[in-house]
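Side-chain atoms are counted along with the backbone in the values below, which use heavy atoms only and exclude waters and symmetry mates.
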Amino acid sequence: MNRTMVRAAITGGRWVERLVRPKTRASPESARSIMVFEFMLPLGVLVHMTPLFEALKRGHPERIVTVATRAIGLEVLRHSPYVDHLIEVPDPMQSHHASARVLQQRLSELGVQPDCCLTATSDRRTRVALLAARVCRGWRGGFTAHASLYHHALRTDEELSQIGNNLRLAKLIGSPSVPSEPKMFYSEEDVAQARGLLAPMRERSERILVAVTQGSGGQRTGWHDDRWVRVLAYAHEIHGYAVVLVGTGADALPIAALRNQTSGVASSLAGKTRIGELAALLAMSDLVVSLDTGSLHVGRAVGVPMIVLGPSWQKPVEWLPVGLPQVKILRGEDRAEVPEGYRLDEISAEAVMNALDEMTERFPARESAREARVLASVSHIDHLRA
């Protein structure tokens, strides 16, 4: 869809709305049926959306919250108690008409007529705005590239985190956008699967350290392999941790190469966990050492103690879990540009080993702490089987 077509679609959409729909009364506080679009799918983006759904329900359990999403978005919200309907929709970036057709059909089947449609910071795309204009008979609000298509358009506040900006959507409908941590939920089956994966490691040690050594590849957040090797050996030999490496199937080869350099200290579970199983596995671990990537945000959402290796070229407030007592963030001084070949050069192995000493003392491995984390996120809701 080129710019001319986009302008024509926007203009046409506004005229059609004026002709065939009654005048929309944008009364945000009266919204009782709310639809949220969630189509941008980096794992961190999805996890940082979860506080919004809790906020929409806060004080108003009668509200109906419907989420239109796809692919990994379905897995992240599959067991959420703060969502009433989870609708799988084709990617509107690929086919606007198919997305609208499927969404309208599913809304009709569910008997849902949203009073409003919302888009968060990462979904401020033209095609998402056009989809909202086409399927939403109520008012539209949130972050958008085309404010003329929305009744209540928001601009990103650069001084707020992604979570903070997303919570401004809750404020639109009269819910207080108080600070809230992300939450991930999983099933008892996910817990059982995670326990089975960790069982061989538990035989070697009661202490489990999970290392997230591979970034998403989209940004320069990687660290040096030789420093990882030193840190993982230190965790095992000095503190007695059984070390587990996690990642996607695409990470399996580089993780295997790193594991081989550790002389058997680490075990790899790369590609062996779905999102719910990963969340449960992190919850039942004792400490996580992670790059700034998707699994970090899952760990934050289940409350496990963490050491985070953060990039110096990105403001910490935007994505990192700043100010949490169970999280130790290591990063260099702020920089405006990323040097060629940059791999978190300013974070030394010694700095991470010192953080390991500190966090192991502050958060000793306890079965009671692990079980409390696990139980806090178990859900008996399954939107994909409903």
Side-chain angles (χ1 to χ4, degrees), residues 31-58 60-92 98-120 122-123 128 131-132 135-136 166 169-170 173 175 180-194 273-283 294 297-298 301-302 374-386:
R32 288 295 175 266
S33 181
I34 302 160
M35 185 160 66
V36 181
F37 293 104
E38 189 175 82
F39 293 113
M40 298 301 107
L41 301 182
L43 182 53
V45 167
L46 298 170
V47 174
H48 281 229
M49 283 278 287
T50 61
L52 170 63
F53 305 118
E54 181 179 2
L56 293 175
K57 286 283 195 179
R58 186 183 294 129
H60 296 277
E62 77 283 357
R63 281 179 178 155
I64 303 299
V65 176
T66 303
V67 182
T69 188
R70 62 189 182 89
I72 194 176
L74 299 166
E75 290 296 323
V76 170
L77 295 176
R78 178 174 184 168
H79 303 290
S80 174
Y82 304 118
V83 172
D84 297 284
H85 303 295
L86 193 58
I87 301 178
E88 182 175 8
V89 178
D91 186 359
S99 300
R101 184 176 64 254
V102 170
L103 184 53
Q104 288 170 329
Q105 179 180 343
R106 289 292 292 127
L107 288 172
S108 176
E109 291 170 352
L110 292 167
V112 172
Q113 293 186 352
D115 299 319
C116 66
C117 292
L118 305 175
T119 49
S122 296
D123 283 282
V128 176
L131 179 63
V135 304
C136 188
N166 288 336
L169 294 171
I173 62 169
S175 292
S180 177
E181 279 298 290
K183 291 184 176 67
M184 289 281 294
F185 297 92
Y186 40 74
S187 67
E188 291 182 339
E189 290 83 358
D190 292 329
V191 172
Q193 181 68 12
T273 56
R274 299 178 303 168
I275 297 299
E277 294 162 352
L278 173 64
L281 185 146
L282 294 179
H297 306 298
V298 176
V302 298
V374 170
L375 291 175
S377 293
V378 171
S379 170
H380 298 287
I381 295 169
D382 190 339
H383 296 295
L384 298 188
R385 291 182 181 173

Do [X] and [Y] make a side-chain contact, defined as non-hydrogen atoms from C-beta onward lying under 4.5 Å apart?
| X | Y | value |
| --- | --- | --- |
| Met35 | His85 | no |
| Leu52 | Leu56 | yes |
| Val89 | Phe37 | no |
| His383 | Val67 | no |
| Glu38 | Phe53 | yes |
| Val76 | Met184 | yes |
| Ile275 | Leu43 | yes |
| Tyr186 | Glu277 | no |

- Query: Does the side chain to side chain contact (heavy atoms under 4.5 Å, CB included) test come out yes or no for Arg106 and Leu110, once each step is laid out?
  - Reply: CA-CA 6 Å; Arg106 289 292 292 127; Leu110 292 167; 4.1 Å; yes
How far does [atom1] of [X] sit from [atom2] of [Y], to the nearest 0.5 angstrom?
| X | Y | atom1 | atom2 | value |
| --- | --- | --- | --- | --- |
| Cys136 | Gln113 | SG | CD | 10.5 Å |
| Arg63 | Arg32 | CZ | CZ | 5.5 Å |
| Leu46 | Leu74 | CG | CG | 9.5 Å |
| Arg78 | Thr69 | CZ | OG1 | 14.0 Å |
| Leu77 | Leu384 | CG | CG | 9.5 Å |
| Glu62 | Ser33 | CD | OG | 11.5 Å |

- Message: Any carboxylate oxygen within less than 4.0 angstrom of a Lys/Arg side-chain nitrogen, looking at Lys57 and Asp84?
- Response: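 Salt bridge flag = yes for Asp84 with Lys57.
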- Query: Under 6.0 Å from the CD atom of Glu181, do we count more than 12 heavy atoms belonging to anything else shown?
  - Reply: yes
[X] side-chain N/O to [Y] backbone N/O, donor-acceptor pair under 3.5 Å:
| X | Y | answer |
| --- | --- | --- |
| Asp190 | Ser187 | yes |
| Ser379 | His79 | yes |
| Asp123 | Met40 | yes |

Heavy-atom pair with the smallest gap, counting every atom of [X] and [Y]:
| X | Y | result |
| --- | --- | --- |
| Val374 | Val378 | O-CG2, 3.2 Å |
| Ala280 | Ala194 | CB-CB, 4.0 Å |
| His297 | Gly44 | CD2-CA, 3.3 Å |
| Leu41 | Gly73 | CD2-N, 4.1 Å |
| Pro81 | Ile381 | CA-CD1, 3.5 Å |
| Ala120 | Asn166 | CB-OD1, 3.1 Å |

- Message: Assess, by modelled atom type and distance only, whether the side chains of Gln105 and Glu109 contain a donor and an acceptor separated by less than 3.5 Å.
- Response: yes
